[in-house]
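Data first, discussion second: the structure below is written as structure tokens.
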Amino acid sequence: MPQTLNYLRETASQTAGPYVHIGLAPGAAGFDIYRQELGHDIAGPNAKGERIRVEGLVIDGTGSPVKDVLLEVWQANAEGIYAHPEGGGDVEEGFRGWGRVITDFETGEWGFDTVKPGPVVPRAKMTSGVRQAVRESHPDWMGRADEAHAPMAPHLNFWIVARGINIGLNTRMYFEDEAEDNAKDPVINLIEWERRRATLIARRSLRDGIPVYRFDIRLQGEDETVFFDI
Amino acid sequence: MKPAEYYQRDRRLHPPALTPDYKTSVARSPRYSLISLQQSVSEVTGPVFGHNDIDPIDNDLIKNYATAGDPIGERIIVHGRVLDEDGRPVPGTLVEVWQANAGGRYRHKKDTYLAPIDPNFGGCGRTITDEHGYYYFRTVKPGAYPWRNWVNSWRPAHIHVSVFGRAFSQRLITQLYFEGDPLIPHCPIVQTIPDPAAIEQLIAKLDLNATVPLDSVAYRFDIVLRGRRSTLFENRLEGN
């Protein structure tokens with residue numbers, strides 16, 4: 001017998017179930033228990049950059065809105081820095097970059113306010129061809145990114161749980177008005193089917209002068225959203 | 001050594017998206033394969049929580065909603081550690097729980113089960129692990145309850161558990177079950193997990209040493225999040 005490795009095994013996922021609100025958004029379940037619920041203020045009052053709203057539906061395989069879904073969002077600030085010790089630097093006081101949102105129980109619509117993130121320098125290595133392209137198009141990024149890192153287009157990271165979802169679904173939202181950066185984004189370009197890439201691009205409009213991005217997530221069926229194993 | 005990516009998730013121990021015996025999964029499960037990402041800074045970072053975010057009473061479900069006495073039910077302590085796959089503790093991470101009351105009824109506007117609401121029981125709690133990854137809650141043991149999957153489907157007694165870890169790629173929601181519950185093998189949600197050992201790992205064990213004599217029985221439940229690789233050598237850059 002060879003030696004044993006003795007790794008532990010990850011705890012298995014189970015669905016968040018229909019009553020996820022009790023634990024993670026008790027106000028929505030119908031009662032007031034905590035001094036403060038978490039995840040309501042993503043950017044805080046001091047965040048720089050463009051204030052935006054993000055809205056959408058999560059739609060099931062029958063075409064119906066999923067009304068008991070809970071979404072979490074994780075994002076960088078306008079300079080592309082995450083509020084984390086490995087996030088690339090310091091962020092504004094009060095910027096958390098994390099939010100938690102549930103839907104309107106009648107319509108399934110969800111939405112939150114935040115700031116638009118900046119391009120993010122990943123850890124993944126890039127090829128010389130991509131590096132050359134980035135050097136030409138974004139000379140300012142190359143100063144921050146050492147030459148082994150290609151920037152990612154501005155994006156929001158989503159994690160989606162609900163009754164009937166056995167393990168949380170990860171996806172990303174990109175911005176329609178960042179077409180040039182999106183075209184070079186290493187994650188978007190990893191998606192072999194160009195037609196499916198469009199499922200990650202939120203549509204921009206203006207409402208009362210505030211940019212609103214529409215991001216509908218389709219769990220199944222025509223134009224199923226791209227989900228990632230991260 | 002520098003920390004690098006988190007270990008690839010072993011999807012064979014997790015439930016797949018489509019599990020027809022759990023009917024709700026059928027219309028809510030993606031049909032295409034997940035696209036595997038090499039982790040970037042977006043995946044190896046995640047939200048950080050501190051003691052300013054919560055209150056000390058938040059982990060005491062016997063007291064955190066009660067106004068006129070304690071909730072009805074079997075008083076229990078649930079405790080354990082949050083570890084990674086290398087067996088290292090995960091300190092300072094947020095653990096959130098929610099559950100039905102002792103009669104199997106949730107305090108939720110969508111729950112219409114005939115068992116009564118307990119006026120002194122909210123059903124949720126949260127805490128932050130200490131420097132050893134240790135956490136604990138006090139609560140009442142939740143009751144089993146019926147649900148509409150098949151006409152005669154029952155959920156075993158369970159507590160929902162949400163954990164963050166240090167990275168968005170470690171994010172996990174699961175359910176804790178109780179040792180000896182005869183409903184466990186009959187539950188279509190438990191049985192979405194294809195790996196019997198992974199199911200066993202969701203069953204909290206009676207921990208007599210941690211009981212409070214003449215007061216509360218205790219169950220131990222350790223939670224394992226993904227481990228993390230270290231960079232041992234600087235690798236050759238692609239394309240050079």
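Excluded from the calculations below are hydrogen atoms, water molecules and symmetry mates; all remaining heavy atoms, backbone and side chain alike, are included.
Contacts between Ser169(B) and chain A at a heavy-atom distance below 4.5 Å involve backbone atoms as well as side-chain atoms. For Arg35(A), the parts sitting under 4.5 Å from any heavy atom of chain B are the backbone and the side chain alike. When heavy atoms are compared at a cutoff of 4.5 Å, Glu96(B) approaches chain A solely by way of its side chain, counted from C-beta outward. With a threshold of 4.5 angstrom between heavy atoms, Ile57(B) does not approach chain A through any atom at all. Ala28(A) touches chain B through its backbone: at least one of N, CA, C or O sits under 4.5 Å from a heavy atom, while the side chain does not. For Tyr22(B), the part lying under 4.5 angstrom from a heavy atom of chain A is the side chain only. Heavy atoms of His108(B) lying under 4.5 Å from chain A belong to its backbone as well as its side chain. Looking at Ala83(A), the atoms closer than 4.5 Å to chain B (heavy atoms on both sides) all sit in the backbone: N, CA, C or O. When heavy atoms are compared at a cutoff of 4.5 Å, Tyr6(B) does not approach chain A at all. Proximity to chain A is limited to the backbone of Asn52(B), based on heavy atoms less than 4.5 angstrom apart. Contact annotation for Val190(B): both backbone and side-chain heavy atoms come within less than 4.5 Å of a heavy atom of chain A. At a 4.5 Å heavy-atom cutoff, the contact between Tyr82(A) and chain B is made by side-chain atoms alone. Contact of Val48(B) with chain A is made through backbone and side chain together, with heavy-atom distances under 4.5 Å. Looking at Leu94(B), only its side chain comes within 4.5 Å of chain A, counting heavy atoms on both sides. For a residue to count as touching a neighbouring chain, one of its non-hydrogen atoms must lie under 4.5 Å from one of that chain's; by this rule Arg218(A) does not touch chain B. Interface residue Arg11(B): only side-chain heavy atoms are found under 4.5 Å from chain A. Only the side chain of Leu202(B) has a heavy atom closer than 4.5 Å to any heavy atom of chain A. Gln75(A) does not touch chain B: none of its heavy atoms, backbone or side chain, sits under 4.5 Å away. When heavy atoms are compared at a cutoff of 4.5 Å, Asp195(B) approaches chain A solely by way of its side chain, counted from C-beta outward.
Phe105(A) and His21(A) have perpendicular rings, their planes meeting at more than 60° on a 0 to 90° scale where under 30° would count as parallel. Ring-plane geometry between His158(B) and Tyr106(B) is classed as tilted, the angle between the planes lying from 30 to 60 degrees on a 0 to 90 degree scale. Taking the six-membered ring where the residue is Trp, Trp74(A) and His84(A) present perpendicular rings, their angle passing 60° and hence far from 30°.
Heavy-atom pairs under 4.5 Å with chain B peak, among Arg9(A), Gln36(A), Arg172(A), at Arg9(A). By number of non-hydrogen pairs under 4.5 angstrom with chain A, the leading residue of Thr192(B), Asp55(B), Asp222(B) is Asp55(B). Comparing Pro186(A), Gly61(A), Ala16(A) by how many heavy-atom pairs each has under 4.5 Å with chain B, the most go to Ala16(A). The choice from Gly123(B), Ser42(B), Ser36(B) that makes the most heavy-atom pairs within less than 4.5 Å of chain A is Ser42(B). With chain B as partner, the option from Val66(A), Ile165(A), Val161(A), Val69(A) having the largest number of non-hydrogen pairs under 4.5 angstrom is Val66(A). Heavy-atom pairs under 4.5 Å with chain A were tallied for Asp10(B), Ile189(B), Ile199(B), Asp86(B); the largest tally goes to Ile189(B). When each of Val58(A), Asp68(A), Leu5(A) is scored by its heavy-atom pairs under 4.5 Å with chain B, the top score falls to Asp68(A). Counting heavy-atom pairs closer than 4.5 Å to chain A, the top residue among Gly46(B), Ser29(B), Ala198(B) is Gly46(B). Between chain A and the options Asp111(B), Leu225(B), Ile223(B), heavy-atom pairs under 4.5 Å are most frequent for Asp111(B). When each of Arg171(B), Lys23(B), Gln201(B), Arg226(B) is checked for heavy-atom pairs under 4.5 Å with chain A, Arg171(B) comes out on top.
Within a 6.0 Å sphere centred on CG of Asn189(A), other residues, nucleotides and ligands contribute more than 12 heavy atoms. Summarising the local packing, OH of Tyr32(B) is surrounded by 12 or fewer heavy atoms from other residues, nucleotides or ligands at distances under 6.0 Å.
Here the options are His160(B), Lys109(B), Lys110(B), the test is side-chain contact (heavy atoms from CB on, under 4.5 Å), and the partner is Tyr19(A); only Lys110(B) passes.
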Side-chain polar contacts of residues 13-20 of chain B - donor-acceptor pairs under 3.5 angstrom, sequence neighbours left out - could you list them?
{"residue": "His14(B)", "atom": "ND1", "partner": "Ser13(A)", "partner atom": "N", "Å": "3.0"}
{"residue": "His14(B)", "atom": "NE2", "partner": "Glu10(A)", "partner atom": "OE1", "Å": "2.8"}
{"residue": "Thr19(B)", "atom": "OG1", "partner": "Asn166(A)", "partner atom": "ND2", "Å": "2.9"}
{"residue": "Thr19(B)", "atom": "OG1", "partner": "Ser25(B)", "partner atom": "OG", "Å": "3.0"}

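Looking only at side-chain heavy atoms (C-beta outward), Ile173(B) and Leu24(A) come within less than 4.5 Å of each other.
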Could you walk me through whether Phe158(A) and Trp110(A) pass ring pair (Phe, Tyr, Trp, His ring centres under 6.0 Å), step by step? CA-CA 13 Å; Phe158(A) 277 85; Trp110(A) 55 267; 5.8 Å; yes
Candidate pair Leu183(B) and Arg155(B), rule side chain to side chain contact (heavy atoms under 4.5 Å, CB included), full reasoning: CA-CA 7 Å; Leu183(B) 288 170; Arg155(B) 289 307 322 279; over 6 Å; no
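Classification of Arg31(B) and Glu224(A) as a salt-bridged pair fails, no side-chain N sitting under 4.0 Å from a carboxylate O.
Checking Gln191(B) against Asp21(B) by side-chain atom types alone, no donor-acceptor pair falls below 3.5 Å.
Atom-to-atom distance recorded for Gln39(B):CD and Phe168(B):CZ is 13.0 Å, nearest 0.5 angstrom.
Side chain of Thr15(A) to backbone of Ala162(A): a donor-acceptor contact under 3.5 angstrom is found. With hydrogens and angles disregarded, no donor-acceptor distance shorter than 3.5 Å links the side chain of Thr24(B) to the backbone of Gly164(A). Remark: side-chain polar atoms of Thr45(B) are not paired, donor with acceptor, to backbone N or O of Ala167(B) under 3.5 angstrom.
Within the 6.0 Å centre-distance limit, the rings of Phe49(B) and Trp98(A) are counted as a close aromatic pair.
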